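The next block holds one structure in the form of structure tokens; read it before the comments.
Along the sequence shown, residues are numbered consecutively beginning with 1. All values derive from a computational prediction rather than experimental measurement.
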Amino acid sequence: MPGMVLFGRRWAIASDDLVFPGFFELVVRVLWWIGILTLYLMHRGKLDCAGGALLSSYLIVLMILLAVVICTVSAIMCVSMRGTICNPGPRKSMSKLLYIRLALFFPEMVWASLGAAWVADGVQCDRTVVNGIIATVVVSWIIIAATVVSIIIVFDPLGGKMAPYSSAGPSHLDSHDSSQLLNGLKTAATSVWETRIKLLCCCIGKDDHTRVAFSSTAELFSTYFSDTDLVPSDIAAGLALLHQQQDNIRNNQEPAQVVCHAPGSSQEADLDAELENCHHYMQFAAAAYGWPLYIYRNPLTGLCRIGGDCCRSRTTDYDLVGGDQLNCHFGSILHTTGLQYRDFIHVSFHDKVYELPFLVALDHRKESVVVAVRGTMSLQGISQAARYVYQRLINDGILSQAFSIAPEYRLVIVGHSLGGGAAALLATMLRAAYPQVRCYAFSPPRGLWSKALQEYSQSFIVSLVLGKDVIPRLSVTNLEDLKRRILRVVAHCNKPKYKILLHGLWYELFGGNPNNLPTELDGGDQEVLTQPLLGEQSLLTRWSPAYSFSSDSPLDSSPKYPPLYPPGRIIHLQEEGASGRFGCCSAAHYSAKWSHEAEFSKILIGPKMLTDHMPDILMRALDSVVSDRAACVSCPAQGVSSVDVA
């Protein structure tokens, strides 16, 4: 539901978000109250000392104060459990309870200060009693400090500037004053997101290029989230519901039409050949990440293997450019690719925003000049990064040098993640000069190509996607679709948020029946509502620029953004069977097939939507599928080795 309004401003927490914090505080307070009561009852005979009356008074008043706090927290927790996300009526007393709870912090702070002062005066009492009172004072200040930190976390810098949702719809945006207000909100939101991103990326330099990247990324985040009135827990609940809904739909849909390919078919042979190429060139894409990924993939032996290279100096003999730990990077590249020193034409770890690292090497096994591009910081910087590498390759004569050594070789460009997107753009830019160029983009972002360019790129670009990887499904259109789905499933949910989160956590960890999906209100639930549900439109603070104003509901309108597509032909690796929710219980096995881009037109929710994007996971999946398909060549009698869904 919308964030609570306290002290005249909106906060990044809703009235149904206090169940878990309230339960945690309640447990701590009750245990603390029992401890103080035990201390008082067991040692009250030892308080007949100098200053003992003050300590006795301190314990008694503290127990009374704690009892009042416990009752208040219990009431807050019980009220927070009522209603649903879009039915805040049963929780309308929450603001009053919170004002009472916050008011109780003042006597707590005063009493904790007095307790600290009395103990510091050197009370001549039993040492056990004094130590116990010192512990109560320390616990008091710890809880107070934790409360202050919690308030800082849920503080919304834009809370005092949020414009309420206007029922006037698009006509409300016609006035000059309204336009100025929305521009002011956009500027403020961008500033807040830029501050947040800078805090998250505090170790990155502060040059002009970095500031431009921070600003563009902040504008992207603020544009996407600025028109919703959801708190983070609402989004988490929506994602949990969407995952169950998605699994329920998949389980109930009729089997898709399956087109089988015999092992000897041309399409199957092409798939095998391209999978082998992907398996080979993924090593170069991983090598572009340098020594951190190599150590991560080889935690026990990696440091020992490249340690000698880190201590050697080869910068005068080999074209190594920019960055720190160059020789460590080079050592990891050698071990990852299996190439020799002389096979590398250029290795650049010059790492600035839009100026990303890349390497150029001679791959004698495949008779190719390989350009491996590392990822960049933001979606908006992919084209600039591709132009930077293009200028380096052409203007600095790097490719000319490579082809002067091996003129019969062909050009192959590879990259992973956003580096895969940059590699695809770079291949398109270089195709006029190198018509035989090939590109292998591993887990590239979706929103890069128009339909015409996507069809054009199918002749020289192959994209590889693993499972539910979110990045190849990431585009502005898909993000807006995800936002619409979250708003709709949240608006129609008939369970309190804490139950959704608990059930969602259990479902993600251990699985379950997705049919138990609390997304529709039945008659019994409607009867207990104290007021009508908040509608879907109430979850939007204003009409989003992503939707046209021709529809009555912004959630039902068509997005204004043009559709964008992933590059080239797409190979989709999918896990077969169940290997555990996180794939850690047994070795996973994968199938491979050519897929249409429409299969990636919606963001899928699942516990592996992020891990499927990791390069080490992708490399293991490629190892598995290539070895399995190679083993099946010798056993054709077992049946068809691959299927495509029509």
Side-chain angles (χ1 to χ4, degrees), residues 274-298 329 332-333 335-339 347-349 351 354-361 363 366 368 370-379 381-383 385-386 388-389 412-428 437-449 457 461-474 566-573 590 592 600 608-626:
E274 294 296 2
L275 276 174
E276 199 280 328
N277 286 335
C278 289
H279 182 252
H280 176 77
Y281 289 116
M282 181 61 199
Q283 309 299 321
F284 290 87
Y289 284 102
W291 67 265
L293 179 60
Y294 184 79
I295 296 295
Y296 178 76
R297 293 182 58 219
N298 304 274
H329 287 308
S332 68
I333 291 172
H335 285 282
T336 301
T337 61
L339 300 183
V347 177
S348 172
F349 276 89
D351 190 8
Y354 309 144
E355 299 179 6
L356 66 167
F358 67 97
L359 62 89
V360 180
D363 180 15
K366 292 288 187 178
S368 59
V370 181
V371 179
V373 183
R374 206 186 76 179
T376 182
M377 285 185 62
S378 69
L379 286 169
I382 290 180
S383 61
Y388 164 76
V389 178
V412 176
I413 304 175
V414 302
H416 172 262
S417 187
L418 303 186
L425 289 175
L426 180 61
T428 305
V437 65
R438 297 283 294 175
C439 175
Y440 292 92
F442 302 97
S443 306
R446 175 182 176 85
L448 292 177
W449 306 85
S457 67
I461 297 178
V462 172
S463 294
L464 184 77
V465 179
L466 174 62
K468 295 182 179 180
D469 187 354
V470 66
I471 299 300
R473 297 172 169 87
L474 199 62
R569 296 184 296 164
I570 305 172
I571 298 177
H572 191 196
L573 304 184
Y590 299 87
F600 307 93
K608 294 184 179 181
M609 61 186 294
L610 297 179
T611 57
D612 280 348
H613 186 69
M614 302 303 293
D616 58 311
I617 303 295
L618 182 57
M619 294 175 77
R620 286 203 295 266
L622 275 171
D623 290 340
S624 173
V625 73
V626 170

Sorted by chain and residue number, the salt bridge (Lys or Arg N to Asp or Glu O under 4.0 Å) partners of Arg473 (sequence neighbours excluded) come out as none
Residues at least two apart in sequence or cross-chain that pass side chain to side chain donor-acceptor pair (under 3.5 Å) with Tyr294, listed by chain then number, are Arg305
Kindly indicate, with the supporting measurements, whether the criterion side chain to side chain contact (heavy atoms under 4.5 Å, CB included) is fulfilled by Val414 and Met282. CA-CA 8 Å; Val414 302; Met282 181 61 199; over 6 Å; no
Sorted by chain and residue number, the side chain to side chain donor-acceptor pair (under 3.5 Å) partners of Thr336 (sequence neighbours excluded) come out as none
dist Ile382:CD1 -> Ser417:OG (nearest 0.5 Å) comes out at 8.0 Å
Closest non-hydrogen atoms of Pro566 and Trp449, given as atom of the first, atom of the second and distance, are C-CD1, 3.6 Å
All heavy atoms of Ala422 vs all of Val373, minimum pair found to be CB-CG1, 4.2 Å
With sequence neighbours left out, the residues meeting side chain to side chain donor-acceptor pair (under 3.5 Å) with Asn298 are none
Residues passing the salt bridge (Lys or Arg N to Asp or Glu O under 4.0 Å) test with Asp623, sequence neighbours excluded, are none
Heavy-atom closest pair (Ala361 atom, Leu339 atom, distance to 0.1 Å) is CB-CD1, 3.8 Å
To the nearest 0.5 Å, atom NE2 of His416 lies from atom CE of Met619 at 10.0 Å
| message | Go through it in stages, so that I can follow the logic: the residues are His329 and Val347, the test is side chain to side chain contact (heavy atoms under 4.5 Å, CB included), and I'd like the CA-CA distance, side-chain angles, deciding distance and then a yes or no. | response | CA-CA 9 Å; His329 287 308; Val347 177; 5.9 Å; no
Scanning both residues in full, the closest heavy-atom pair of Ala285 with Ala372 reads N-CB, 4.4 Å
Taken to the nearest 0.5 Å, the spacing of Leu418 CG from Arg374 CZ works out to 11.0 Å
By side chain to side chain donor-acceptor pair (under 3.5 Å), Arg446 pairs with (sequence neighbours left out) Glu597
The reported gap from CD1 in Ile571 to CG in Leu275 (rounded to nearest 0.5 angstrom) is 4.5 Å
Contacts of Arg620 meeting side chain to side chain contact (heavy atoms under 4.5 Å, CB included) (sequence neighbours excluded), chain-then-number -> Asp616, Ile617
The ring-ring contact (aromatic ring centres under 6.0 Å, His included) partners of Tyr440 (sequence neighbours excluded) come to Tyr281
Any sub-3.5 Å donor-acceptor pair from Ser463's side-chain atoms to Pro567's backbone N or O? yes
Of all heavy-atom pairs linking Ala286 and Leu293, the shortest is O-CD2, 3.6 Å
Angle class for the Tyr388/Phe358 ring planes (parallel below 30°, perpendicular above 60°, tilted otherwise)? perpendicular
Less than 4.5 Å apart, any side-chain heavy atom of Lys608 and any of Thr611? yes
Applying ring-ring contact (aromatic ring centres under 6.0 Å, His included) to Phe600 and not counting sequence neighbours gives His572
Salt bridge (Lys or Arg N to Asp or Glu O under 4.0 Å) pairs touching residues 276-297, sequence neighbours excluded, are Glu276-Arg365, Glu276-Lys366
Value for CD1 (Ile333) from CZ (Phe349), rounded to nearest 0.5 Å, stands at 4.0 Å
Are side-chain heavy atoms of Leu573 and Asp612 found at a separation under 4.5 Å? no
Give the table of side-chain donor-acceptor pairs shorter than 3.5 Å for residues 464-471, with sequence neighbours excluded, one pair per line with atom names and distance.
unit_1: Asp469; atom_1: OD1; unit_2: Ile471; atom_2: N; d: 3.1
unit_1: Asp469; atom_1: OD1; unit_2: His613; atom_2: ND1; d: 3.2
unit_1: Asp469; atom_1: OD2; unit_2: Ser443; atom_2: OG; d: 3.2
unit_1: Asp469; atom_1: OD2; unit_2: His613; atom_2: ND1; d: 2.9

Residue set satisfying ring-ring contact (aromatic ring centres under 6.0 Å, His included) with His279, at least two apart, ordered chain then number -> none
Rounding to 0.5 Å, atoms CG (Asp363) and CD (Gln283) come to a distance of 11.0 Å
Note: Ala385 and Leu356 closest approach over all heavy atoms is CB-CD2, 3.0 Å
